[in-house]
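Chain letters run A, B, ... following the sequence lines, proteins first and then strands; every chain starts at 1.
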2 protein chains.
Amino acid sequence: MPDNDPMAARSKTSASPAAPAAPAAEPSVPDLLIEGQPELGLRERKKLKTRIAIRRATYRLIKEQGYDATTIEQIAAAAEVSPSTVFRYFATKEDIVLSDEYDPVMVSVLMARPAGEPPLESLRFVIVQAIESFMETDYEELEQRTRLLVEVPALRARMLDSMTETTRLLAEPLAIRVGRAADDLEIRVFTAAFLSALLQTSLWWGERDCQDDLVELLNRTVDLFGSGFRL
Amino acid sequence: MPDNDPMAARSKTSASPAAPAAPAAEPSVPDLLIEGQPELGLRERKKLKTRIAIRRATYRLIKEQGYDATTIEQIAAAAEVSPSTVFRYFATKEDIVLSDEYDPVMVSVLMARPAGEPPLESLRFVIVQAIESFMETDYEELEQRTRLLVEVPALRARMLDSMTETTRLLAEPLAIRVGRAADDLEIRVFTAAFLSALLQTSLWWGERDCQDDLVELLNRTVDLFGSGFRL
DNA sequence: TCTCACTTGAGAGCTACTCTCAAAATATGA
DNA sequence: TCATATTTTGAGAGTAGCTCTCAAGTGAGA
């Protein structure tokens, strides 16, 4: 696992505090994120562009130097905004890498599932669909993100943490579907365990260099849940 | 949920950078941690004392001021050591609150389980035993820790993160017991899901003010696993 | 008692992150 | 088209967690 060489990193940054910033091409706003929106004003479009520019710059710099060696200052310089602006768009450095907008989509997909479907199968559908759509949209990024998750503890921690929120988000509609209270213990435990299992599956995939079929792995994991863990 | 008031915190710290430190009584080394040790030298005893003093000071200050408002400097002052020393004993501020030595104990308990016992039941035994022993030793701390876990996102994140290591630690002996490879996907997923479920159960307990019987809750959670999540 | 290894404190330094304030850009209404 | 209100941005100062180095202090063993 080729980790960041701290010595190299430090001497590099002290030599040139702002990164060697190739000013990056104007980011165009991908259709996916606009779709269905009622005419974005200039302000909104600019914001989206800035957001994307920051993310792109971050991924590029991390690829070149590693996560730890990449500072917010460098990211800001490369994205041609000020450091303050970076923090206005992303709460933490980890969020620049991890943030996505899939959660609400997953919730609406979940709610659209036929009544009476077992919760486990509903979640299977939701997650497989989410992953497949991610793979179609930007397979490259899925892989890089997964690799980073494997390599960088801080990112793993943040991911784990954000799953807490996802758990809450999914647990509520699930509870309703099976006629339980919104804060039901079993529902919550089930959801959290499920998400944790998915993350481990992704990590397993990443650790093996993304060679396997991720969707198949996920299905194996879901099957394991259904079997009552008879190993 | 009474969170830390940042305004109050800031004005307090800027008024008196070092905490109002009641110098704290000499900590005595609890038997539990010495048990079976072959005579601790003076040096080792001192180290243990320092470790305990830091933890005590931290818990006290957090109780008085909240987690975020408590700085390492204050902790160091209250424990009567230098800030550098605090970091020599604990890698992160979160670790001061969370670190324990239960992991290796759990592993050895797990390995002592009868061959042929279903993995789920082995883990049930391990975890119930760990919690019960924690409750006997220091119920107060268990409660305070759980409450902090509920209230402080940073602590939750760190806890989640440390579970990754616990997963690895438990997965290997488990794999051996059922005759699978050490890095088997199913074993790893199972272990991670299980631990995640336990944490959620603890949080649920904490959110309800530690009123319920934690061991009973844990057993419910394990039962849910065995049922194949038929909700 | 002397020496060696370990532990500690002091202090400088880095970076993520927060806050404030004034300037720039955009939206809005006449 | 211009003037005004609202957002967004950059600059800069500040906090705190964490790392590293180095010299001084302290327990262990001969």
Out of D:dT26, D:dC18, D:dT9, which has the shortest distance to the side chain of B:K46?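 Given the options D:dT26, D:dC18, D:dT9, the side chain of B:K46 is closest to D:dT26.
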
All N/O pairs under 3.5 Å across the protein-nucleotides 2-4 of chain C interface:
none

N/O to N/O distances under 3.5 Å, protein versus nucleotides 20-23 of chain C:
none

Of A:T70 and B:T85, the one whose closest DNA chain C nucleotide lies more 5':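 Closest to the 5' end, via its nearest nucleotide, is B:T85.
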
Presence of A:K93 side-chain N/O under 4.0 Å of C:dT15 phosphate oxygens OP1/OP2: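 A:K93 to C:dT15 OP1/OP2: no side-chain N or O under 4.0 Å.
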
Rounding to a whole Å, what distance do you find between B:E44:CD and D:dT26:P?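 To the nearest whole Å, that distance equals 18 Å.
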
Is the backbone of A:Y102 close enough, under 3.5 Å, to the side chain of A:D100 for a donor and an acceptor to pair up by distance?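 It does hold such a pair.
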
Does any N or O in the side chain of A:T167 come within less than 3.5 Å of the main-chain N or O of A:M163, such that one atom is a donor and the other an acceptor?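 Yes.
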
For residues [X] and [Y], determine if any side-chain heavy atom of one lies less than 4.5 Å from a side-chain heavy atom of the other.
| X | Y | answer |
| --- | --- | --- |
| A:L174 | A:L110 | yes |
| B:I52 | B:K49 | no |
| B:D212 | B:W204 | yes |

Select base, sugar-phosphate, or nothing to describe what B:F90 touches, counting heavy atoms under 4.0 Å on all strands.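 The answer is nothing, as B:F90 stays clear of every strand by at least 4.0 Å.
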
